[in-house]
Amino acid sequence: MSFRLLKRAGDGSAARRGELATPHGTVQTPAFMPVGTRGSVKALAPRVLEEIGSQIILGNTYHLFLRPGLEIVAGAGGLHEFINWPHPILTDSGGFQVFSLAGLRKIEKDGVRFASHIDGTRFFLGPRESMRIQRTLNSDIVMAFDECTPYPATWETAAKSLDITLRWEAMSRDQELNPDQQLFGIVQGSVYEDLRRRSAEELVKIGFDGYAIGGVSVGEPEHEMLKVVDWTTPFLPEEKPRYLMGMGTPRQIVEAVARGVDMFDCVMPTRLARHGSAFLTAGGMLPVKAGRYARDYGPLDPDCGCYCCRTFSRAYLRHLMNVGEILALEMVSLHNVHYFLELTRRIREAIELDRFAEFRNRPEFAQP
RNA sequence: GGUGGGGUUCCCGAGUGGCUAAAGGGGGCAGACUGUAAAUCUGCUGGUUGUACCUUCGGUGGUUCGAAUCCACCCCCCACCA
C-alpha cells in the first residue's frame, strides 16, 4: 500500500505520473478529489461520482464528528459503508476548521477548544482526538492535525503557528491508526520561504506516507500560492505523494502539477455550481443564470461530454437555476466536477504522451 | 341599480401634508466564492455626468409655502346585496 512514481514529464517541469494504492483501490495521479465534507459530495450520488471518474473523495473529521457522530458511523462499519462509497477516502483532520471557524475556537497546547458552529457545544479537538476519529472513520488517507495559518500573517505569527503545527503533527504520527491507513503530514509556514523549507524538512524527519502543502488558497494572490509550492516540493521526497490542499482553479492545478504536485481537492467546482457558475472546457466560466442564455438551446459546454452537456440546454439549465429547482444544482455540479476530473485525466494523459509542456501552454490556462 | 373596499415605481405591497424617488418582499442585473458554518453572500434596480435638476404614486382640476397623502368630479377593479 503505497505510492509508485510511474513517470516524470521530462520536459523541464517537475510534473509526474503516479499511482497511490489504498485498501479501497488505487488512485491515478495527478488526481482531483471532490470534496464531501459531511459525507456527501454536495448534490452528487456515489453512482454519479463513479460515472464521471472520481477515484477518491474527501470527508471531514470536524463535521462528521459533530454530525452524525462517531458512534453512528462506526455502527455502519466505517465511513465507506456509511456513505456507500467503496473507493478511497481521504479525511481532513479538522485543521482547516481551526482557520475557517476562527471565531469559535481557542488554540491550546495539545489542540483546539471549539464551540460547535451548530449549537455552541464545547469540545476539544487535537492530534489525539483527530487521529482517533479518523481511525474510527477508517479513511484510507488520514491527515495530520494542523493549524491552517490565516493570511496574511507576519513572519513571527507564521513561525509560532508552524511550531504548534509541527508539534501537533509529531503527536499525530505517534497515534495509533488502522493497519493500512496512510498518514499525510501538512507543510505550513505561510508565504515565507524559510518557514516552508523548515516545515518540509521537519516533517520529512518525522516521516509520513505523503506530504501535503497547506495554508494556501486562504486569500493570498495566485503568485504567492505558486511560490509556496516552488519553495516546498524540492524538500519533499520524490517517492512520496504530494497533495496541495484546497487548490485550485484549473490554471492553478496545471501550474502546481508542473511543480510536482500529485493530488488536489477544491470546493470550487461544487460550490460554484450551486451558485450558478459553470466551468468551460475552452476556458473561463459561464454564468448559468444570465439572461442572455434564456433562449440558448445549445449545450452548457459544447466541448464537454458529461451527462448534463449531452442532455440539457443552457436555456433549460438557466430556467431550472432561476426557479430554484434542485436538478439545476445537481446538473451543474455534475458538469463542474466532471470538468475537474477530466482536467486531471488530460494532465495524466499529457504526461504519459510527453505532451505536458504543450498542454500547460494551452490558451485556456493562460494568465487572465 | 345599491352598499362597502380599492387603484403606489417591472410585480406584490407599505406609506394618509414636509425627514419620500417613495419601507419591505419578489423579479431582474452585476459581482464574490479555492483542505465547505455557503442550494450562500454583497451591490445595483425612474432619468441625466453629481448631496444638482427633471419625471413619477388611475385621470383632470382644486386647497396649500409644500400633496402619493386633503377636496371635487371622472375612469377602472373587487366583494356583498338586488
Side-chain angles (χ1 to χ4, degrees), chain A residues 32-44 56-64 66-67 89-105 114-120 130 134 139 141-151 165 184-188 210 212-222 224-226 228 243-253 255-256 261 263-277 279 285 287-294 318 320-333 336 340:
Chain A
F32 178 75
M33 309 183 283
V35 181
T37 306
R38 302 192 294 191
S40 164
V41 177
K42 294 184 193 295
L44 299 177
I56 172 171
I57 64 173
L58 258 65
N60 182 277
T61 298
Y62 171 97
H63 288 282
L64 292 169
L66 283 186
R67 291 186 302 192
I89 295 176
L90 179 152
T91 44
D92 187 26
S93 59
F96 185 72
Q97 279 64 45
V98 181
F99 159 77
S100 67
L101 270 38
L104 297 170
R105 92 312 190 248
F114 278 100
S116 157
H117 70 285
I118 303 154
D119 61 6
S130 181
Q134 294 185 78
S139 48
I141 298 171
V142 170
M143 297 308 296
F145 190 74
D146 69 332
E147 184 202 358
C148 178
T149 309
Y151 177 90
T165 283
F184 280 28
I186 305 174
V187 175
Q188 290 290 341
I213 303 170
V216 288
S217 60
V218 286
E220 76 284 13
E222 182 178 281
E224 295 270 30
M225 307 175 15
L226 294 175
V228 166
Y243 161 30
L244 184 57
M245 304 187 81
M247 267 174 67
T249 64
R251 168 192 155 70
Q252 289 161 6
I253 287 176
E255 286 305 308
V261 174
M263 301 160 72
F264 301 88
D265 79 283
C266 193
V267 132
M268 201 176 270
T270 43
R271 180 181 292 167
L272 292 194
R274 278 175 279 119
H275 296 174
S277 294
F279 284 85
M285 311 283 301
V288 182
K289 288 188 273 193
R292 57 183 177 276
Y293 304 122
R318 172 183 179 273
L320 292 179
M321 194 62 90
N322 275 349
V323 297
E325 281 294 340
I326 297 172
L327 184 60
L329 308 186
E330 184 187 356
M331 287 302 105
V332 182
S333 295
N336 277 356
F340 274 71

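Computed from heavy atoms alone, side chains included, the values below leave out hydrogens, waters and symmetry copies. By convention in this document, chain letters (A, B, ...) are assigned in the order of the sequence lines, proteins followed by strands, and residues within each chain are numbered from 1. Values in this document were obtained by computation on a predicted structure and should not be read as measured data.
Judged by Watson-Crick or G-U wobble contacts below 3.5 Å, the nucleotide B:rG24 has B:rC12 as its partner. Remark: B:rA30 base-pairs with B:rU42; criterion is Watson-Crick or G-U wobble with both hydrogen-bond distances under 3.5 Å. Base pairing annotation: B:rA79 forms a Watson-Crick or G-U wobble pair with B:rU3, both donor-acceptor distances under 3.5 Å.
Using a 3.5 Å distance cut-off with no hydrogens or angles, the side chains of A:Y62 and A:D92 do not pair a donor with an acceptor.
Separation of the P atoms belonging to B:rU64 and B:rC75 is 28 Å when rounded to the nearest angstrom. The same atom, C1', is picked in B:rA22 and in B:rG13; the two are 13 Å apart, to the nearest Å. B:rA21 and B:rA30: their C1' atoms are spaced 22 Å apart (whole Å). When the C1' atom is compared between B:rC29 and B:rC76, the two are found 34 Å apart, to the nearest whole Å. A gap of 46 Å separates the P atoms of B:rC65 and B:rC80, to the nearest Å. On the C1' atoms, B:rU8 is 15 Å away from B:rU55, given to the nearest whole Å. Using atom P as the reference point in both B:rG5 and B:rU56, the two lie 29 Å apart (nearest Å). When the P atom is compared between B:rC54 and B:rG2, the two are found 44 Å apart, to the nearest whole Å.
Scored by the side-chain hydrogen bond (donor to acceptor under 3.5 Å, both in side chains) test, A:D146 finds A:Q188 as partners (sequence neighbours excluded). Here A:E325 pairs with nothing under the salt bridge (Lys or Arg N to Asp or Glu O under 4.0 Å) rule; sequence neighbours left out. Checked against salt bridge (Lys or Arg N to Asp or Glu O under 4.0 Å), A:E255 has the following partners two or more places apart in sequence or in another chain: A:R259, A:R360. Scored by the side-chain hydrogen bond (donor to acceptor under 3.5 Å, both in side chains) test, A:S40 finds no partners at all (sequence neighbours excluded). Not counting sequence neighbours, A:R274 has no partner by the salt bridge (Lys or Arg N to Asp or Glu O under 4.0 Å) test.
Phosphate contact (OP1/OP2 of B:rG27, side-chain N/O of A:N322, threshold under 4.0 Å): absent.
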**OP:** Could you encode protein contacts along nucleotides 32-38 of chain B as a string, one character per nucleotide from 5' to 3', using B for base contact, S for sugar-phosphate-only contact and - for no contact, with a heavy-atom cut-off of under 4.0 Å?
**Re:** BBBBBBB
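The residue A:R105 sits apart from the nucleic acid: no heavy atom pair falls under 4.0 Å. Here A:R292 lies in heavy-atom contact (under 4.0 Å) with sugar-phosphate atoms only.
Here NE2 of A:H117 is found 9.0 Å from CG of A:L104. Values are rounded to the nearest 0.5 Å.
Rounded to an integer number of Å, the gap from OH of A:Y293 to C1' of B:rA30 is 13 Å. Taking atom CE of residue A:M285 and atom C1' of nucleotide B:rG31, one finds them 13 Å apart after rounding to whole Å.
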